[in-house]
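Report on the structure given below.
Throughout, a chain's letter reflects where its sequence line sits, starting with A, and its residues are numbered from 1.
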Number of protein chains: 2
Amino acid sequence: MAEDVFKALADPTRRRILDELVERDGQTLFEICTRLVTKHGLGLSRQAISQHLAVLESAGLVRTRRQGRYKFHDLTTEPLERIVTRWLKPDTPEAP
Amino acid sequence: MAEDVFKALADPTRRRILDELVERDGQTLFEICTRLVTKHGLGLSRQAISQHLAVLESAGLVRTRRQGRYKFHDLTTEPLERIVTRWLKPDTPEAP
DNA sequence: TTGATAGGCAAGTCGGTACTTGCCTATTGT
DNA sequence: ACAATAGGCAAGTACCGACTTGCCTATCAA
């Protein structure tokens, strides 16, 4: 539901994760962890990131595929496009 | 900032308020209050709505104009359009 | 088979925030 | 002038969510 999408986007760390995934799709939990630490200086535990990814997944913003002991995370942008059109007036002005 | 926009959108009541404003622009605090109560069954105090409107305004989603003892609230959709393009890949697929 | 890697589960802590309550200011009408 | 209407300020409560800690499971390499 839209509720889950908005709540998922409310957290800065989760938005960072989406930034990482849009830059390189299909990363594992550990890859995302190290990237967040090195590139953005976020000092978070692995569990924290794992929980964030769970929130993103249940919101439909991230899809996962298991492969052996790895779990790859892929970005899904469909929910994003839906939620915003909610408040855009019918006369959507196209950029000139 | 984008941070304020996302946090503003995180709350269901604030999204209801945006729904009301997109339906009829330029409402006062009291109008919004009564509408939320009658149409959506939300039993919230006037202060609660006032604080929500303050959040929406500081996020740039609502603009206000004072006129006598009335304060009218207008919706502003510009921040919405900006924040979502953040994760839409460069090859934006147009609807066929 | 054993150790190392990748990830999961569950309980607990702590801070932010949504909401209330009470009182105050300003504009309008009679 | 006075009451009623429209809104603002500030402190207090209570709950939700982000993060940690500790331990457990599964897959791969040697």
Side-chain angles (χ1 to χ4, degrees), chain A residues 1-21 24-38 40-59 61-74, chain B residues 1-21 24-38 40-59 61-74:
Chain A
M1 307 298 107
E3 171 78 20
D4 304 310
V5 179
F6 285 113
K7 288 213 171 167
L9 294 176
D11 188 86
T13 303
R14 282 196 287 268
R15 294 196 297 273
R16 288 285 181 205
I17 293 176
L18 293 184
D19 289 338
E20 273 310 313
L21 288 181
R24 192 216 276 186
D25 221 12
Q27 296 188 58
T28 71
L29 171 59
F30 273 67
E31 285 175 316
I32 296 173
C33 279
T34 49
R35 282 204 162 206
L36 287 180
V37 171
T38 60
H40 302 283
L42 297 186
L44 290 178
S45 74
R46 178 181 56 88
Q47 315 300 337
I49 309 294
S50 178
Q51 288 164 12
H52 281 307
L53 284 171
V55 173
L56 288 170
E57 185 175 9
S58 74
L61 289 166
V62 163
R63 209 171 299 160
T64 61
R65 47 195 161 95
R66 197 117 205 198
Q67 192 169 334
R69 61 174 160 177
Y70 299 104
K71 189 178 181 185
F72 302 106
H73 301 264
D74 299 302
Chain B
M1 307 294 110
E3 172 77 20
D4 304 310
V5 180
F6 284 113
K7 288 214 171 166
L9 293 176
D11 187 86
T13 304
R14 284 195 285 270
R15 294 196 297 273
R16 288 284 182 205
I17 293 177
L18 294 184
D19 289 338
E20 274 307 314
L21 288 181
R24 192 215 274 186
D25 222 11
Q27 296 190 57
T28 70
L29 171 60
F30 274 66
E31 284 176 317
I32 297 172
C33 281
T34 50
R35 280 204 163 207
L36 287 180
V37 171
T38 61
H40 302 282
L42 297 187
L44 290 178
S45 72
R46 178 180 54 88
Q47 315 301 337
I49 309 295
S50 178
Q51 288 165 13
H52 280 308
L53 284 171
V55 173
L56 288 170
E57 185 175 8
S58 73
L61 289 166
V62 162
R63 208 170 300 159
T64 59
R65 47 191 160 96
R66 233 205 153 126
Q67 192 170 333
R69 60 175 159 177
Y70 298 105
K71 190 178 180 184
F72 301 106
H73 301 264
D74 299 301

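- Side-chain contact between B:Asp74 and B:Arg65 is present, with heavy atoms from C-beta onward closer than 4.5 Å.
- At D:dG8, one or more side-chain N or O atoms of B:Ser50 fall inside 4.0 Å of OP1 or OP2 (strictly under the cut-off).
- Here B:Glu3 pairs with B:Lys7 in a salt bridge; the nearest charged N to carboxylate O distance falls below 4.0 Å.
- In this structure, the CD atom of A:Glu57 is 13 Å from the C1' atom of C:dG7, given to the nearest Å.
- Within the 4.5 Å cutoff, the side chain of A:Gln27 has no heavy atoms near those of the A:Phe72 side chain.
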Steps toward side chain to side chain contact (heavy atoms under 4.5 Å, CB included) verdict (B:Asp4, B:Leu61): CA-CA 10 Å; B:Asp4 304 310; B:Leu61 289 166; over 6 Å; no
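- Between A:Lys71 and C:dG8, a side-chain N or O to OP1/OP2 separation shorter than 4.0 Å is present.
- Enclosure of atom CZ in B:Arg35 by more than 12 non-hydrogen atoms of other residues, nucleotides or ligands within 6.0 angstrom is indicated.
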Heavy-atom protein contacts under 4.0 Å, nucleotides 11-23 of chain C, coded B base, S sugar-phosphate only, - none: ------SSBBBB-
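- For the pair A:Asp25 and A:His73, the tightest heavy-atom approach, listed with the atom from each and the gap, is OD1-O, 3.9 Å.
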Distances under 3.5 Å only, N/O to N/O: pair up the protein atoms with those of nucleotides 28-30 of chain D.
none

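- Atom P of nucleotide D:dG8 and atom CG of B:Leu29 are separated by 7 Å, given to the nearest angstrom.
- Between A:Leu42 atom CG and D:dT20 atom C1' there is a gap of 16 Å when expressed in whole angstrom units.
- Atom CD of A:Glu3 and atom P of D:dC16 are 13 Å apart (whole Å).
- Computed from coordinates, the A:Phe6 CZ to D:dG17 P distance equals 16 Å when rounded to whole Å.
- Rounded to a whole Å, the CG atom of B:Leu53 is 13 Å from the P atom of D:dC9.
- Contact check for A:Ile17 versus A:Glu20: no side-chain heavy atoms found under the 4.5 Å cut-off.
- Counting only distance, with no hydrogens or angles, the side chain of A:Arg15 and the backbone of A:Leu9 share a donor-acceptor pair below 3.5 Å.
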Would you list the atom pairs, donor with acceptor, under 3.5 Å between side chains in residues 44-59 of chain A and any protein atom, with sequence neighbours excluded?
{"residue": "A:Ser45", "atom": "OG", "partner": "A:Ala48", "partner atom": "N", "Å": "3.2"}
{"residue": "A:His52", "atom": "ND1", "partner": "A:Arg14", "partner atom": "NH1", "Å": "3.0"}
{"residue": "A:Glu57", "atom": "OE2", "partner": "A:Thr64", "partner atom": "OG1", "Å": "2.9"}
{"residue": "A:Ser58", "atom": "OG", "partner": "A:Ala54", "partner atom": "O", "Å": "3.4"}
{"residue": "A:Ser58", "atom": "OG", "partner": "A:Val55", "partner atom": "O", "Å": "3.1"}

